[in-house]
Amino acid sequence: AQSVTQLGSHVSVSEGALVLLRCNYSSSVPPYLFWYVQYPNQGLQLLLKYTSAATLVKGINGFEAEFKKSETSFHLTKPSAHMRDAAEYFCAVKGNTDKLIFGTGTRLQVFP
Amino acid sequence: KAGVTQTPRYLIKTRGQQVTLSCSPISGHRSVSWYQQTPGQGLQFLFEYFSETQRNKGNFPGRFSGRQFSNSRSEMNVSTLELGDSALYLCASSSRTSGGAADTQYFGPGTRLTVL
């Protein structure tokens, strides 16, 4: 069975500061891992995905994530936060079925 | 390419009624999945259709059903609506070219269902 845990339902940073959103996964098979972002009243937009090709994955809008098998983690980072990054972020895992298992989400606030 | 479209965007129904939501996938995508998003339960998988066949099903009662047409468009139906069915219903499509698990699912804007 697969699952993901997102630590911290709310994260607040100042504009220009480092963004770190945490995700730990549990999977009995090699996982496929995804980060999605959701802006108010919108659907989910893919930021990046890990499919075993490379452990450091670069995504859109300056985000990246590193797959660490030893820590079962796939944390999302961005060196410098921008006001437009304020949104809800979801980590998700797929195993050997096609359905996405989502974490509970982390709401990112960016202060000027 | 146009993205995933969902209609209607907003819907208000009363308890006991039924509702049908529609999803048009990205052109060329043959897999459509449905998710329910609520503040209490988060994002939960409902079901997935591929080539008009249901491939996976989540843990929802039989009041929730779906189908897929030959043009890959999908509909989701909820019968005998309950207050707890109020949610954002998201549809996602994928191409399913790499066997499934590694495929990216692209989401539509969702249908906001309110049950009174």
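So that the names make sense, note that chain A is the first sequence line, chain B the second, and so on, each numbered from 1. Side chains included, hydrogens not; waters and symmetry mates left out as well; all remaining heavy atoms used. Worth saying up front: this structure is predicted, and the values here are computed from it rather than measured.
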If one checks every heavy atom of B:Gln37 against chain A at 4.5 Å, the contacting part turns out to be side chain
The interface call for A:Phe90 against chain B, heavy-atom contacts under 4.5 Å, is side chain
Quiz item: Just checking, is any N or O donor in the side chain of B:Ser70 or B:Glu52 under 3.5 Å from an acceptor N or O on the other one?
Solution: no
| query | Is there side-chain contact between A:Val57 and A:Trp35, with heavy atoms separated by less than 4.5 Å? | reply | no
Test item: B:Leu43 and B:Leu90 side chains (from C-beta on) under 4.5 Å apart, heavy atoms: yes
Between B:Phe107 and A:Tyr36, what is the ring plane arrangement, given parallel below 30°, perpendicular above 60°, and tilted in between? perpendicular
Using a 4.5 Å cut-off on heavy atoms from C-beta on, say whether the side chain of A:Phe34 contacts that of B:Gln105.
-> no
query = Does B:Val78 reach the side chain of B:Lys13, with side-chain heavy atoms less than 4.5 Å apart?
reply = no
| Connected via hydrophobic side-chain network under 4.5 Å: A:Val4 and A:Leu44 | no
Tightest non-hydrogen contact, residues A:Asp85 and A:Leu108, listed as O-CD2, 3.5 Å
Most heavy-atom pairs under 4.5 Å with chain B, out of A:Leu46, A:Thr104, A:Leu100, belong to A:Leu100
To the nearest 0.5 Å, atom OH of B:Tyr89 lies from atom CG of B:Leu11 at 10.5 Å
Contacts of B:Gln54 meeting side-chain contact (heavy atoms from CB on, under 4.5 Å) (sequence neighbours excluded), chain-then-number -> B:Phe47, B:Tyr49, B:Lys57
Within residues 7-14 of chain A, contacts to chain B at heavy-atom distances under 4.5 Å involve none
Listed by number, the residues in residues 109-116 of chain B that come under 4.5 Å of chain A (heavy atom to heavy atom) are B:Pro109
Can you find a pair of side-chain heavy atoms, one from B:Ser22 and one from B:Arg73, that are under 4.5 Å apart?
yes
Whatever's closer than 4.5 Å to a heavy atom in chain B on A:Gln38 counts as side chain
>> Quick one, B:Trp34 and B:Val32 - any side-chain contact, counting heavy atoms below 4.5 Å?
In response: yes
ask   = Does CG in B:Asn71 sit with more than 12 non-hydrogen atoms of other residues, nucleotides or ligands closer than 6.0 Å?
value = yes
- Query: Does the distance from a Lys or Arg side-chain N to an Asp or Glu carboxylate O, for B:Arg67 and B:Glu75, drop under 4.0 Å?
  - Reply: yes
Filtered by a 4.5 Å non-hydrogen cutoff, the part of residues 64-77 of chain A contacting chain B is none
Might you confirm whether atom CZ of B:Arg15 has over 12 heavy atoms from other residues, nucleotides or ligands at distances under 6.0 Å? no
